[in-house]
Peer 1: 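This is the structure I have questions about; it appears just below.
Just so it is clear: chains get the letters A, B, ... in the order the sequence lines come, proteins before strands, and each one is counted from 1.
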Amino acid sequence: MGTARIGAAAASTLHSLCALGVAAAYFLAQRVCVLDLVAHPAQTLRLLLVIEAPITIGVYSWLRRDTHGCSVWKAIGRGLLALPVGAAINAFGAIVLGAPVGIKYWTVTAYWSLLMSLFTFVPAACAFGPSRMDWQRILSFSKLLDAVDYMISVPAYGAIIGAWIGAWPMPLDWERPWQEWPICVTYGAIAGYLTGMVASVVFIVALHRKVHAKGE
Amino acid sequence: MAEGSFEKKPRPILRPIFFLLLGLHALAVFLFTRGFLLTRTELSSYSHCHDLPSPNPSPSPPPPPPPPPTPRTPRDRDRDRDRDPPPPPRCWTRPAIDRLVVIVFDALRFDFVAPSTFFEEKKPWMDKLRVLHKLASDEGSSARIFKAIADPPTTSLQRLKGLTTGGLPTFIDVAHLGLILLLFMPPQLVKNGKRVLMMGDDTWMQLFPEHFEESHPYPSFNVKDLDTVDNGILEHLLPSLYKDDWDVLIAHFLGVDHAGHIFGVDSTPMIKKLEQYNSILESVVDVLKNLSRPGGLHENTYLIVMGDHGQTLNGDHGGGTAEEVETSLFAWSMRSPPSSISSVLEENMCKLNLDGEKLCVGTMQQLDFAVTMAALLGVPFPFGSIGRVNPELYALSAGTWDRQRTDAENCKLQSDLEAWMQNYANVLCINCWQVKRYIDLYSATSIIGFSADDLHFVTDLYERALANCSSNTKASCLFGTGVPKEIQDYSVSVLQSQIDAYSHFLESVAKLARSAWTEFDLLLMGIGLGILLLSIIIHILAATWVHILFQSYLKEQGIPGLSYRYFLAFLLVAIRAASFLSNSYILAEGRVANFLLGTTGIMNLWRSVEKGDLKKDEFAFLLLNVIIRFGIGFGLSKQTGGSSYLVSDSLKFVGINEGHLRWLVLEIFPIVFLSLLFVFLLKCIAHVDMSRYMKYFTIMGTVLSYVLIATHWASESILIFISPAFQGIGRNLAPRLVYAIGFGILGLSVLSRILDMKERMTVSERLTNSTVPMLSAWSPTILILLGKQGPFVAFVCIAGAWCIISSSKKFLSGTKSGTLGGLAVDPISVTQWSLLAVCLFYLTGHWCTFDGLRYGAAFIGFDHFNIIRQGILLSIDTFGVSHILPILGLPFIVALQYHDSKKGELKDAILLNLSQVFLIYGLITAITTTFTVLCATIQRRHLMIHLWGSNWRFKPVCTIQLKIQTSLYTFQVVHFSPK
């Protein structure tokens with residue numbers, strides 16, 4: 001599967017699939033299971049994770065770079081492996097930035113970092129595997145090459161920046177339950193992820209224009 | 001710009017710029033503080049029974065004030081307490097009541113208590129405390145509802161201080177080192193043999209940790225919890241009423257305050273709370289009534305039900321709006337005063353209550369509460385009180401109507417009213433004398449006292465009142481004994497005029513104090529702020545100018561990603577500055593700085609991964625950040641108190657005995673870290689190439705200092721038994737020697753730099769040479785002041801600095817900008833440096849309040865207090881690790897960068913680099929200071945939120961001092977930097 005095939009339309013379809021996954025999980029949590037992110041952060045995050053993980057891993061495994069040398073199943077396996085590794089890195093980052101540690105918090109921290117890993121690490125792991133070149137390329141924003149790079153990189157950036165910004169209400173003394181870790185951070189991350197998806201589609205359109213202009 | 005002109009230009013022009021900035025900052029800070037910080041010195045004196053002038057026949061001239069208080073160490077205080085003789089049976093005033101029950105409902109609005117007929121509209125939360133209405137309207141009863149007006153800030157802590165001292169809140173309580181609390185009522189009560197029983201809000205325990213005979217404190221922190229405190233009180237309140245082992249009972253309920261914070265005033269929980277309080281009050285009143293028969297336990301008990309402040313309909317308080325300052329006070333005396341009381345009580349606010357009975361409401365200042373209670377209980381008035389004995393509150397107690405024995409003999413013909421007025425006039429006379437004494441002593445000792453005109457005015461009023469007093473009462477004023485015969489001639493009107501004269505004096509003093517202590521000079525503040533803004537502009541211009549010079553020197557354009565890093569650095573500083581506009585962020589400043597520091601660390605790591613050359617340093621920096629973070633968290637928990645249980649609990653959970661841990665943490669770790677630090681520092685000094693004598697002195701000094709620090713700690717150790725002689729040496733001599741050695745090295749290094757300039761050294765070497773002695777001069781002093789956490793903090797500091805420098809080096813050397821690669825300033829690392837400094841401030845257990853000053857540090861090496869000496873030590877402790885060391889160490893960013901890059905000969909480039917680093921650092925601090933000052937200006941009225949008052953006050957002082965120091969050291973280092 002050549003990456004050149006991925007046009008803006010395909011990218012937006014795939015992205016909306018992922019976004020729908022988030023929305024469906026949220027809807028399910030609210031309506032069916034009567035769960036609320038504010039009241040039951042751990043359960044809601046778990047539900048989000050369970051619904052979103054198959055979608056994301058499936059989509060990005062299908063988008064894998066090396067279509068010949070690597071079967072879909074192998075890509076899925078890579079994604080599953082990357083999930084806890086990415087979660088560990090995300091959790092470390094969160095703790096460096098001041099996420100609370102303690103017996104009370106470790107379940108929510110674990111679920112939150114798994115979700116973040118799903119937004120950031122798992123897509124890249126599914127698509128690129130252990131290729132060091134690819135990983136370095138998507139880390140630097142200016143070197144992105146094609147549509148898949150944008151599809152992986154921009155939403156991931158969005159999720160991280162969104163989570164970072166989402167931390168700002170935490171020190172305020174409003175005494176609101178959603179100021180607790182990791183609720184507002186999760187909201188920020190999801191908002192950033194969705195924004196990143198939209199932005200990546202825009203970038204892909206721009207990229208295609210440029211390529212066309214060069215071609216003609 | 002041509003290279004030739006450049007080589008001559010920078011030095012002569014840069015130095016005036018630094019001078020200019022220094023001057024501007026000093027001026028701005030001076031003007032702003034003059035306008036904002038209305039310094040009031042708290043005087044640490046008790047009033048004593050024997051303070052009253054001896055009953056000689058001439059009350060004027062006023063009695064000389066007692067000698068200025070000599071601040072004492074806690075040990076002295078204990079000795080004093082033991083030495084004090086038991087109080088004489090009669091003190092300043094005759095005790096009018098035997099026992100006092102004070103029930104405080106936090107945030108009790110006036111309309112919670114007063115009947116709804118007093119207001120235009122009946123609201124759901126009104127008329128809930130019906131039992132009070134009933135008592136107040138009962139004919140012949142001695143109960144009354146008052147509207148009590150509090151002085152802002154209306155927070156519990158500030159109000160409790162106000163209630164117990166009778167003083168005004170201060171904007172900075174420049175206390176004589178932690179002895180603030182001596183002024184208050186509870187100590188006053190304790191010293192006079194009254195037993196105080198306290199239950200409820202633990203804020204009282206913060207104020208008076210050891211003054212209660214018995215206490216049942218409950219935590220006030222969790223505002224979501226409406227019932228714990230109240231239920232805790234209920235458990236103790238009623239049983240205590242049947243006991244006779246207390247004289248003053250204080251019960252502080254928090255439910256209404258918490259209900260307001262969470263649900264607002266117009267809510268079901270609030271109404272439920274009020275109904276619950278009504279039933280509590282009913283049962284209290286029943287008990288008191290049953291026991292108030294003659295000879296009963298509560299024969300002469302005085303019940304006060306009061307609020308400490310009001311609240312808005314949203315449940316907020318802190319500011320100065322009518323809703324917040326108007327609270328209520330209900331007073332009820334078990335013994336009814338004679339019927340002539342009605343002529344004392346004002347009748348201008350009377351309405352019918354719901355049952356159609358007449359009910360009158362008085363108005364009083366909360367300021368007057370402390371002194372009135374003191375007068376009723378017969379204890380000396382609080383030393384710093386400027387309140388007036390409130391006539392209505394005073395008259396309610398039947399005891400004040402009892403004729404004194406001497407009076408009774410002399411003036412059989414006096415009516416009840418006359419006798420009372422005579423008594424009241426005497427009390428007011430003492431009250432005036434006490435206020436005057438405070439004012440005199442205050443103006444004699446404080447830095448910023450009253451203006452001469454005001455003082456003259458007050459003295460004039462006082463003398464006029466006293467003249468009145470002497471012409472009318474002769475000597476009877478201060479002591480009831482020896483009353484001459486003329487007393488019988490007194491008519492009510494004469495007494496009334498005398499009372500008016502006293503009241504006039506007292507009211508004028510209160511008014512004057514309010515205007516002098518709580519007003520701001522907006523013009524001065526504005527000018528100061530303007531100058532600060534100007535200095536920022538100059539900072540930016542200078543930095544840009546240096547940058548341009550630098551670019552021209554570099555010739556070829558720049559380092560990729562530098563402008564991006566400038567942008568990021570600016571963003572971080574802007575976020576930090578903007579965070580000062582919210583009180584919550586000021587409370588969490590340490591955590592915010594840590595968050596931003598972590599962000600920079602993660603960004604550097606990101607960059608390394610992207611470039612593909614990952615170093616251990618970056619991980620180390622992140623780990624360090626985690627350590628700092630937990631350190632700050634620990635410091636914060638120390639601040640909130642009570643969490644030491646938590647720590648020890650968790651340790652027990654892990655299986656470590658607390659005793660072992662204490663032993664390990666307090667005794668072994670510091671010594672281990674200290675020796676490591678010692679080795680490290682010696683190695684550093686050994687590497688530096690300076691003149692032989694200088695080096696010799698520095699090494700000797702350092703060795704000696706560290707040995708002395710170890711001795712000092714050993715002398716305080718509980719593990720080793722040490723002879724008392726050695727202990728004496730270790731306790732006081734060792735720290736003093738450390739200070740002296742530090743001072744000596746500092747002087748020597750300055751001297752050697754002036755005398756001995758080795759031209760053969762490269763610039764970067766010389767930079768290192770001038771910095772290392774500075775650090776080795778300061779560090780032992782700072783270490784010993786920081787106490788046992790010192791070495792550990794120093795390690796964190798060194799490790800952090802090392803990581804920052806190495807990442808900056810990597811960033812700059814990673815760029816391929818020709819021959820001069822690496823010759824630039826990485827703004828991110830300078831920002832990191834300043835954030836690290838902020839983190840270290842919090843890590844060392846400081847926080848930005850006056851309670852956060854580590855007073856203990858000021859007494860290391862000294863037993864006695866001296867304002868200058870202890871002030872210097874305290875500021876070294878406060879600013880040492882967070883400001884002095886980082887600023888002195890800042891040249892390392894430049895120096896170490898060139899250490900191994902063989903470019904040491906680029907003299908002017910390095911100098912420019914150094915100036916750039918200092919300008920950026922200065923700019924960062926200038927921006928944060930300006931924002932702090934700005935928000936202090938905006939928020940000057942609404943200064944506090946619940947409990948955390950002093951943050952707002954201390955913060956400006958804190959950053960302002962930082963500012964001064966930054967400028968100073970900038971100047972200093974630039975001045976002494978290589979020629």
Side-chain angles (χ1 to χ4, degrees), chain A residues 85-86 88-106 109 116 120-121 124 128 131-144 149 153 156-157 159-177 179-181 184-185 188, chain B residues 221-224 258 261-263 315-316 560-561 564 575 578-579 582-603 605-614 618-619 621-630 632-633 646 650 653 839 945-948:
Chain A
V85 176
I89 293 172
N90 271 306
F92 178 67
I95 288 169
V96 166
L97 291 183
V101 282
I103 301 156
K104 194 177 138 197
Y105 289 105
W106 82 267
T109 307
M116 281 303 283
T120 53
F121 271 73
F128 303 136
S131 160
R132 188 182 155 136
M133 287 263 293
D134 287 325
W135 278 89
Q136 276 187 19
R137 193 180 66 246
I138 59 159
L139 276 177
S140 145
F141 193 72
S142 53
K143 291 180 196 154
L144 300 180
D149 283 359
S153 177
Y157 267 108
I160 289 171
I161 294 171
W164 190 82
I165 293 173
W168 78 266
M170 287 176 68
L172 290 173
D173 66 338
W174 294 349
E175 304 281 347
R176 294 288 183 277
Q179 282 176 291
E180 283 279 308
W181 164 258
C184 51
V185 178
Chain B
F221 270 93
N222 187 3
V223 283
K224 288 171 204 159
H258 288 183
H261 278 304
I262 300 290
F263 303 104
D316 299 326
Y564 169 66
I575 290 174
S579 76
S582 156
N583 198 359
S584 320
Y585 282 105
I586 289 185
L587 292 182
E589 190 193 346
R591 280 193 289 151
V592 172
N594 191 242
F595 180 77
L596 297 178
L597 193 63
T599 309
T600 59
I602 288 177
M603 281 191 319
L605 188 71
W606 190 284
R607 199 187 142 82
S608 303
V609 174
E610 187 190 317
K611 290 262 180 297
D613 56 339
L614 205 57
E618 266 128 15
F619 277 116
F621 189 67
L622 291 187
L623 282 177
L624 197 71
N625 209 45
V626 175
I627 292 174
I628 292 175
R629 185 208 136 173
F630 284 118
I632 293 174
L646 260 175
S650 58
F653 185 72
C839 289
I945 54 157
H946 210 60
L947 277 178
W948 293 104

Peer 1: Check each atom of Arg132(A) against the heavy atoms of chain B and say whether the ones under 4.5 Å are side chain, backbone, both or neither.
Peer 2: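 Side chain only.
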Peer 1: How long is the gap from CD1 on Ile138(A) to CD on Glu610(B), to the nearest 0.5 Å?
Peer 2: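 If we round to the nearest 0.5 Å, Ile138(A):CD1 and Glu610(B):CD are 11.0 Å apart.
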Peer 1: To the nearest 0.5 angstrom, please state how far the CG atom of Leu97(A) sits from the CG atom of Leu596(B).
Peer 2: 9.0 Å
Peer 1: Just do the side chain to side chain contact (heavy atoms under 4.5 Å, CB included) check on Ile602(B) and Phe92(A) with the steps written out, would you?
Peer 2: CA-CA 10 Å; Ile602(B) 288 177; Phe92(A) 178 67; over 6 Å; no
Peer 1: For Pro169(A), which atoms come within 4.5 Å of any heavy atom of chain B: side chain, backbone, both, or neither?
Peer 2: backbone
Peer 1: Is Leu624(B) in contact with chain A via its backbone, its side chain, both, or neither, using a 4.5 Å heavy-atom distance?
Peer 2: neither
Peer 1: Applying side-chain contact (heavy atoms from CB on, under 4.5 Å), name anything that partners Leu605(B), two or more places apart in sequence or on another chain.
Peer 2: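 In terms of side-chain contact (heavy atoms from CB on, under 4.5 Å), with neighbours along the sequence ignored, Leu605(B) is linked to Leu614(B), Glu618(B), Phe619(B), Leu622(B).
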Peer 1: Using modelled atom types only, decide if a donor and an acceptor are shared between the side chain of Arg629(B) and the backbone of Ala99(A) within a distance under 3.5 Å.
Peer 2: yes
Peer 1: Just wondering, more than 12 heavy atoms not from Trp606(B) lying within 6.0 Å of its CH2?
Peer 2: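 More than 12 heavy atoms, drawn from other residues, nucleotides or ligands, come within 6.0 Å of this atom.
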Peer 1: Identify, with sequence neighbours excluded, every residue that meets side-chain contact (heavy atoms from CB on, under 4.5 Å) alongside Asn625(B).
Peer 2: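 With neighbours one apart ignored, the set is Val96(A), Asn594(B), Leu597(B).
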Peer 1: Relative to chain B, which segment of Trp135(A) carries a heavy atom at a distance below 4.5 Å: side chain, backbone, both, or neither?
Peer 2: neither
Peer 1: Give the C-alpha distance, both sets of side-chain angles, the deciding distance and a yes or no for side chain to side chain contact (heavy atoms under 4.5 Å, CB included) between Phe630(B) and Val101(A).
Peer 2: CA-CA 10 Å; Phe630(B) 284 118; Val101(A) 282; 3.2 Å; yes
Peer 1: Between Phe595(B) and Trp164(A), does the ring centroid distance fall short of 6.0 Å?
Peer 2: yes
Peer 1: Any side-chain heavy-atom pair from Trp168(A) and Val592(B) closer than 4.5 angstrom?
Peer 2: no
Peer 1: Heavy-atom cut-off 4.5 Å, strictly under: side chain, backbone, both or neither for Val609(B) against chain A?
Peer 2: both
